[in-house]
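First the proteins, then the strands, lettered A, B, ... as listed; each starts at 1. Heavy atoms only: backbone and side chains are in, while hydrogens, waters and symmetry mates are out.
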Number of protein chains: 4
Amino acid sequence: MKKTKPKYMQIIDAAVIVIAENGYHQAQVSKIAKQAGVADGTIYLYFKNKEDILISLFEEKMGSFIEEIDQMIAGKGTATEKLLMMIEAHFNLLSADHHLAIVTQLELRQSNKDLRLRINDVLKGYLKVIDKIIIEGKESDEFSSDLDVRLARQMIFGTIDETATSWVMNEEKYEITKLASPVHRLLINGFRSR
Amino acid sequence: MKKTKPKYMQIIDAAVIVIAENGYHQAQVSKIAKQAGVADGTIYLYFKNKEDILISLFEEKMGSFIEEIDQMIAGKGTATEKLLMMIEAHFNLLSADHHLAIVTQLELRQSNKDLRLRINDVLKGYLKVIDKIIIEGKESDEFSSDLDVRLARQMIFGTIDETATSWVMNEEKYEITKLASPVHRLLINGFRSR
Amino acid sequence: MKKTKPKYMQIIDAAVIVIAENGYHQAQVSKIAKQAGVADGTIYLYFKNKEDILISLFEEKMGSFIEEIDQMIAGKGTATEKLLMMIEAHFNLLSADHHLAIVTQLELRQSNKDLRLRINDVLKGYLKVIDKIIIEGKESDEFSSDLDVRLARQMIFGTIDETATSWVMNEEKYEITKLASPVHRLLINGFRSR
Amino acid sequence: MKKTKPKYMQIIDAAVIVIAENGYHQAQVSKIAKQAGVADGTIYLYFKNKEDILISLFEEKMGSFIEEIDQMIAGKGTATEKLLMMIEAHFNLLSADHHLAIVTQLELRQSNKDLRLRINDVLKGYLKVIDKIIIEGKESDEFSSDLDVRLARQMIFGTIDETATSWVMNEEKYEITKLASPVHRLLINGFRSR
DNA sequence: CATGAATGAGGCTTCATTCAT
DNA sequence: CATGAATGAAGCCTCATTCAT
């Protein structure tokens, strides 16, 4: 509904820019409104409150990304190949959108516990995709049959996330996209049945 | 110096409890003072400002932990064994101190960028310990000679951190200490030369 | 700009009253807001901070006074007559506004060095007006040709200021406006060429 | 009594230095104590409270100055000569003690109304000396018989004070002692019977 | 739909003073 | 006499949200 109105995405995109350039705690509603070219009050016609902007931001940006991933890896290829595709897609996304990388890896983590719980809800979709790959890998005997799915998922997500955060913190001095393959190899090595 | 005065640690311990029980943004100085059993102003005889309490908290708790780890793994054992000791020590620390686990895994991450940079300085000591183990493992041929140290470090740290955060977020429903061994095995599998 | 908005002067007038009645150090922002009939936060829509209220107060009240004086004495009359007009205008201003007299002669002097420097900037305009009169008097030979302008200025300003301060400190028990003429005579006697 | 103890003057001298170098509002009791080489608490063995230090400071420094003046001008000379001696003594005092000049002309004026009233009590002794000179001058017919004593006193004090304050504000760039004679001449011109 | 002026709660920090040693 | 660690009251300012226009 609201989401089809042009100002909805306009405000979210403004929020990404403002947060990336000013930091989470300096991203006042009035600043986002000015960046979006609307009045402060207009924000509240599209979002319940400030937290709602941030949740929606994460849902729109990461939610659509997760769906893409899900479709991208549907059917074709082995679990090993799918994992590579996923990591590559993840690193490509961050590499392509400088502002979004800063916001998701650094700034949004400063949000309070409530907001982080809501963000985790969105991430659960991502974790499910990871779980699907792991289970598929175990069934196809690519991965060890006694591989603990939760641990493997935490390893994959933790490694990708830490790699991405380090890269952003180092001011993106190197090409993160080139890390997809070696990261993938390390993970697969750990999971492989032998 | 300051650190030998009993009130210094008294205030830090109070801060851990107050932050864990009320959350980062609800941890007012007055609350910490009351918990420590001192007057508000007394805090400022031992700490420059509120941020200084939090930095000191992290330095005292994690800094000493890192030193312990460093000494614990000095000399004895293979890199593989040392990595296990480190993971066990990390999980034991969090498991033994419920409040500290919440503070370091969840609450302190809400701090602003300045504080997080200072926290990262402390963590660098931890990352150095990890690096030492990795390099030792490569030299002893336990780990693959073409293992990228930075990637391996990010994999180790990311996996441990994500495992710990998930555990805290799940309200510590399971024994995280039991995860040390399987986490270790997964990591070693990934690094092993073959 | 701001200055045309009614609340701007409303807040400044409130500040004069609150400072006069409570003293400089007891003039909290919340008290000024209440006196002005606005919320505390509204103050900060019109002033950068508390100091800005006080500077603006002085600029508005004295600044406009100085401009008035400047225009009043433009052209018409001798230097001697102009000096009288100036002294009368000054005493009339204080006499007409009890609160303002207290604020400018007693309370605002308690401000810190920064604020006092800003206040001095405003006063420089007044000193320039005085200087103009002195120079004119010297040129017209009303005043001695070897009269030191700086000294004469300090004598005029010092005498007026001390007279006013004494009057306020004596709780305005006598009519200060009646002092304009004798003060003027004394000063002119001192300056006269003979 | 207390005043004969060496630490009494030690603390007052420390206060002058601390206030001159840090400003009135940055002259904390602890800073004065450190400068005096005593413990904070020791201050309160010699002074009732902080205000008492400042009043005592003014009493000791200006009080003794006023007594000196009073004796210096006793008997000898005309009123005109006495006025010159007084102005010279005043300017010499400020010129000889840089710190004291800053404290009395700039910093102590920031004190609250109560303290300033107490300071005025001390100054009354000075004003009495001035009054004596004026009355003597009127009786000897040096000054006009219809000279208003209060106005003349305010003129003398206001001029001296403004001259001194301007000199301190201009960072004492010129020799204030050289101004005694011309200031004196201007005042005498104003008062002279003719 | 859109505006933007107005609201008002809430917390970190300073520093004069005390008093047990 | 002297110390100095401890006290605790008190205020400026920010910014998410509302609502009259």
> Rounded to the nearest 0.5 Å, how far does CG of D/Leu115 lie from CD of D/Glu51?
Replying inline: 5.0 Å
I'd like a table of donor-acceptor pairs (distance under 3.5 Å, sequence neighbours excluded) in which one partner is a side-chain atom from residues 30-42 of chain C, with atom names and distances.
from: C/Lys31; atom 1: NZ; to: C/Gln26; atom 2: O; distance (Å): 2.9
from: C/Lys31; atom 1: NZ; to: C/Gln28; atom 2: OE1; distance (Å): 3.1
from: C/Thr42; atom 1: OG1; to: C/Ala39; atom 2: O; distance (Å): 3.4

> How close or far is atom C1' of E/dT13 from atom CG of B/Asp52, stated in whole angstroms?
Replying inline: 14 Å
> B/Asn112 has an atom CG; how far is it from atom P of E/dC12, in whole Å?
Replying inline: 13 Å
>> If I compare all heavy atoms of D/Asn49 with all of D/Tyr44, which pair ends up nearest, and what's the gap?
In response: CA-CE2, 3.8 Å
> Can you name the residues that form a side-chain hydrogen bond (donor to acceptor under 3.5 Å, both in side chains) with D/Gln10, not counting sequence neighbours?
Replying inline: none
> First contact, last contact: which nucleotides of DNA chain F are these for chain B, 5' to 3', heavy-atom distance under 4.0 Å?
Replying inline: F/dA6 to F/dG8
> Who passes side-chain hydrogen bond (donor to acceptor under 3.5 Å, both in side chains) against D/Ser111, sequence neighbours left out?
Replying inline: none
> Just by distance, do the side chain of A/Arg109 and the backbone of B/Gln110 share a donor-acceptor pair under 3.5 Å?
Replying inline: no
> Given atom OH of B/Tyr46 and atom C1' of E/dT14, what is their separation to the nearest angstrom?
Replying inline: 17 Å
> How far does the helix from E/dA2-F/dT21 to E/dT21-F/dA2 bend, going by the axes of its first and last five pairs, to the nearest 10°?
Replying inline: 10°
> How many angstroms lie between atom CG of D/Leu100 and atom CD1 of D/Ile19, to the nearest 0.5 angstrom?
Replying inline: 10.5 Å
> CE/A/Met62 to CG/A/Leu108 distance, rounded to the nearest 0.5 angstrom?
Replying inline: 10.5 Å
>> Would you say that more than 12 heavy atoms from the other residues, nucleotides or ligands in this model lie under 6.0 Å from the CZ of B/Arg116, or not?
In response: yes
>> Please find the pair of heavy atoms, one from C/Leu57 and one from C/Ala15, that lie closest to each other, and give the distance.
In response: CD1-CB, 4.0 Å
>> Could you tell me how far apart B/Ile43 (CD1) and E/dT13 (P) are, to the nearest whole angstrom?
In response: 11 Å
> Which residues in residues 17-42 of chain C have at least one heavy atom lying under 4.0 Å from any atom of DNA chain E?
Replying inline: C/Val38, C/Ala39, C/Gly41, C/Thr42
